[in-house]
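Values reported hereafter were calculated over all heavy atoms of this structure, with side chains retained and with hydrogens, waters and symmetry mates removed. So that the names make sense, note that chain A is the first sequence line, chain B the second, and so on, each numbered from 1.
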Protein chains: 2
Amino acid sequence: MRKSFSSRVTLAQVADRAGVSTMTASYTFSRPERVSAASREKVLAAARALGYGGPDPSARSLRRGSAGALGVILGEHLTYAFDDPQARAFLAGVADVCAEQGHAMTILPVVDAGADVARVRAAAVDGYILWTTEDGAPVLDAAIATHRPVVVHGGPAAAGARLVGIDNRAAARAIGQVVFAGATLPAVVSFPLTSARRAQVVAGPDPHGVTFPVTRERLLGLQDAARDVGARWSEVLVAVCSTNDAREGHTMTADLMSRTPRPDALATMSDELASGAVAALDAVGLRMPRDVALTGWDDAEVAHRLGITTVAQSMREQGAACARQILTGTTSDFSDRWQIIRRGSSN
Amino acid sequence: MRKSFSSRVTLAQVADRAGVSTMTASYTFSRPERVSAASREKVLAAARALGYGGPDPSARSLRRGSAGALGVILGEHLTYAFDDPQARAFLAGVADVCAEQGHAMTILPVVDAGADVARVRAAAVDGYILWTTEDGAPVLDAAIATHRPVVVHGGPAAAGARLVGIDNRAAARAIGQVVFAGATLPAVVSFPLTSARRAQVVAGPDPHGVTFPVTRERLLGLQDAARDVGARWSEVLVAVCSTNDAREGHTMTADLMSRTPRPDALATMSDELASGAVAALDAVGLRMPRDVALTGWDDAEVAHRLGITTVAQSMREQGAACARQILTGTTSDFSDRWQIIRRGSSN
DNA sequence: CTGTTAGCGCATTCAA
DNA sequence: TTGAATGCGCTAACAG
């Protein structure tokens, strides 16, 4: 009995028509070299005659025990996720490995708490990659509960999931030491601290209250660095941006620069934010690094163009690493390399 | 017999342990309202005890006859596809509808001719959306051959696939009439004409030689417009960019502006290209629209910021329309609205 | 509300 | 090189 809606042609029908067994027909599509040229021809002719659309992927997945796809869970709506060049580079790395391994890449954007978990559970994928998200994200638990391999990029760490990323705390400490060196009043331009995404300037916030793991680690590292150069964390102003874009960086830096005493060193959490900060400094006639030292993060194009000291890391390589972890069954965390690139924005 | 590699727990095992039939267990997960609270509890407890990961998506897909995912075929590598803001808006539209309908979105980037076709065939999806591609793209034929619904955005049109987009020729003619009005020597800054993507300036190219359907239609419309204002197409210079970015727009426009006689009207195929063109005009001290009239396409943020006359269309809406076509089984083409937005760059 | 039956379409296993 | 049997894990359809 065929599905009425699509009058789907099956392998068995093709085999019948070709006068061979179902297995010969199956082999013709899956392992053609195991079939004689004569049989192959008969099967292909029958397939053509019947309009056979090829082996059904779901049936094949069930039988083979592999879905042939890898799930990528984005912590936010596509519009925001794809606007982040780092996220795009990461996805490109995932896509590279998927293509190389003959897998598809299934995107699971997060939209609303309840339905998201259901979609994660229901996705026909061989494993999940989570793009950096918040502590306690329900989709992470849902992914782990499927017993399929899970890799988290950036964080949060979780039992049952491996972690891929860089040592954000160490990198933040290192770049903090560079940018804060010789400064009187260090400051930070930060990503959001919690999913409330409130833009605000706060003095010496407790990093442990930050629910985004990557941001938390970076803040911890910058706190370390402030200590290293003899600054008091409680006096360090942290301008929290609501989103990672140049405009926010501009606005929040302008706020920072209007304060008295004025900060003279600015560690920002991305080159995007840094580029906005540069514009804000320009606007009030402050020079880098003479008046204010500045650093970014990511080594994006814009950092090169504007001469911003930054932390270089390869998101593309990290994306590829995540995909390989799942497709090759690695079972350990992976910490990627990073490097400080010194340019004119700092000493 | 359980799969050894994962010692997968099945619904039947859960049912056994709970002391109910498999169907009661199945209903507990798929249609919980059809099961008494008592049974539901027993089943959930058994599931917990056994570490059941939830119904297997592939098995469910096979049984239900639907993969629960929608395939999006990108004509190029992710790196390029995602760098295009229009492509991203389109994908966001697709994602919106997928989420709303409880479907996943499976991305199939094109990488190498042979393997791509295989991956398209093997993808467990309920239908395909093709992001604008070239005439005769093998992946389009492969998608159609699966007998699953196929929607092409932009083009090429194909038997067995529906088309979604705007009337590019009509829109191009309309904006061409605006920008070419009163010009002595109209010119065009174009997308690539073929997949060779050669950057070059050519006079009055034959649009029929263009293998990218969207570009072809726009060139045809601009040809119409040139005729409408009494210009000779054979004298219209077309600067063909190799990619859709501001830098290329800048370079090619600079080339155009160095010619004698110098064009005094510039129809560009995107706001990205237009923004580069604006920079090129600035660089040589030419004013818009006095010295050179200029138009873009898409009504992106940058067009608003730079005051560029443009063609407004909603890629997001078109992405959503593509997804709806597949998920709701519409069987007709869909032509979206467009509109000329007049700003200071033209008269 | 619960259970029985009967496959969905394919590929692994083993025998011929 | 080919074929027969079997069941991957689940759920529609129908009885009870």
**Student:** Which atoms form the tightest heavy-atom contact between A/Gly51 and A/Val9, and what is the distance?
**Tutor:**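 Shortest heavy-atom contact: O-CG2, 4.2 Å.
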**Student:** Once side-chain contact (heavy atoms from CB on, under 4.5 Å) is applied, do any residues pair with B/Ala89, and if so which ones, sequence neighbours excluded?
**Tutor:**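 With sequence neighbours excluded, B/Ala89 shows a side-chain contact (heavy atoms from CB on, under 4.5 Å) to B/Met315, given in chain and number order.
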**Student:** Check this for me: A/Arg162, atom CZ, are more than 12 non-hydrogen atoms of other residues, nucleotides or ligands nearer than 6.0 Å?
**Tutor:**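 Yes, the 6.0 Å shell around CZ holds more than 12 heavy atoms from other groups.
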**Student:** Restricting to pairs with a member in residues 67-111 of chain B, which pass ring-ring contact (aromatic ring centres under 6.0 Å, His included), not counting sequence neighbours?
**Tutor:**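 Sorted result for residues 67-111 of chain B: A/Phe82-B/Phe82, B/Phe90-B/Trp131, B/Phe90-B/His153.
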**Student:** Tell me what B/Ser30 touches on the nucleic acid: a base, only sugar-phosphate, or nothing, going by heavy atoms under 4.0 Å.
**Tutor:**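 Sugar-phosphate: the residue B/Ser30, judged by heavy atoms under 4.0 Å, touches backbone atoms but no base.
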**Student:** Whether the side chain of A/Arg17 engages the backbone of A/Ala46 through a donor-acceptor N/O pair (distance < 3.5 Å, no angle test) should be reported.
**Tutor:**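 No, the answer is negative, given that no donor and acceptor are paired below the 3.5 Å cut-off.
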**Student:** A/Ala320: what forms a side-chain contact (heavy atoms from CB on, under 4.5 Å) with it, not counting sequence neighbours?
**Tutor:**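 A/Val97, A/Glu317, A/Arg324.
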**Student:** Not counting sequence neighbours, which residues clear side chain to side chain donor-acceptor pair (under 3.5 Å) with A/Arg121? List them please.
**Tutor:**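 Per chain and number, A/Arg121 pairs via side chain to side chain donor-acceptor pair (under 3.5 Å) with no residue.
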**Student:** Once you round it to whole Å, what is the distance between P of D/dT11 and CZ of B/Arg31?
**Tutor:**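 It is 10 Å, rounded to the nearest whole Å.
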**Student:** Are the side chain of B/Asp116 and the backbone of B/Val111 linked by a donor-acceptor contact shorter than 3.5 Å?
**Tutor:**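 Flag set: sc B/Asp116 to bb B/Val111 pair under 3.5 Å.
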**Student:** Report the distance from atom CG of A/Leu11 to atom C1' of C/dC10, rounded to the nearest whole Å.
**Tutor:**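 It works out to 7 Å between those atoms.
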**Student:** Whole angstrom is fine here: how far is it from CZ in B/Arg148 over to C1' in C/dG9?
**Tutor:**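 The answer, rounded to whole Å, is 13 Å.
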**Student:** Distance check: side-chain N/O of B/Ser26 vs OP1/OP2 of D/dC10, anything under 4.0 Å?
**Tutor:**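 Answer no for this pair, as no side-chain N or O of B/Ser26 is under 4.0 Å from OP1 or OP2.
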**Student:** Please report the distance, rounded to the nearest Å, between CD in B/Glu33 and C1' in C/dT2.
**Tutor:**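 Answer to the nearest Å: 15 Å.
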**Student:** Give a yes or no answer on whether the side chain of A/Ser61 reaches the backbone of A/Ser66 with a donor-acceptor pair at less than 3.5 Å.
**Tutor:**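 Yes, A/Ser61 side chain to A/Ser66 backbone: donor-acceptor pair under 3.5 Å.
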**Student:** How close or far is atom C1' of D/dC10 from atom CZ of B/Arg63, stated in whole angstroms?
**Tutor:**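 Roughly 8 Å, once rounded to whole Å.
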**Student:** May I ask you to list the residues of residues 49-60 of chain B, by number, that have any heavy atom positioned under 4.0 Å from an atom of DNA chain D?
**Tutor:**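 By residue number: B/Tyr52, B/Gly54, B/Pro55, B/Asp56, B/Ala59, B/Arg60.
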**Student:** Any side-chain N or O of A/Thr22 less than 4.0 Å from the OP1 or OP2 oxygen of D/dG3?
**Tutor:**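 Indeed not, no polar side-chain atom of A/Thr22 lies that close.
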**Student:** Taking the side chain of B/Thr10 as heavy atoms from C-beta outward, which of D/dC10, C/dA11, D/dT2 is closest to it?
**Tutor:**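 Looking only at heavy atoms from C-beta outward on B/Thr10, the closest nucleotide is D/dC10.
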**Student:** Return the value, rounded to whole Å, for the distance between atom CG of A/Asp126 and atom P of D/dC8.
**Tutor:**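 Between P of D/dC8 and CG of A/Asp126: 19 Å.
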**Student:** In whole Å, what is the span from the CG atom of B/Leu62 to the C1' atom of D/dG9?
**Tutor:**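 Atom CG in B/Leu62 sits about 9 Å away from atom C1' in D/dG9.
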**Student:** For A/Phe29 and C/dC10, give me the distance from atom CZ to atom C1', rounded to whole Å.
**Tutor:**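 These atoms are roughly 12 Å apart.
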**Student:** Any side-chain N or O of A/Thr24 below 4.0 angstrom from OP1/OP2 of D/dG3?
**Tutor:**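 For A/Thr24, the contact criterion (side-chain N or O under 4.0 Å from OP1 or OP2 of D/dG3) is met.
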**Student:** Strictly under 3.5 Å: I want the nitrogen or oxygen pairs between protein and nucleotides 13-16 of chain D, one per line.
**Tutor:**
none

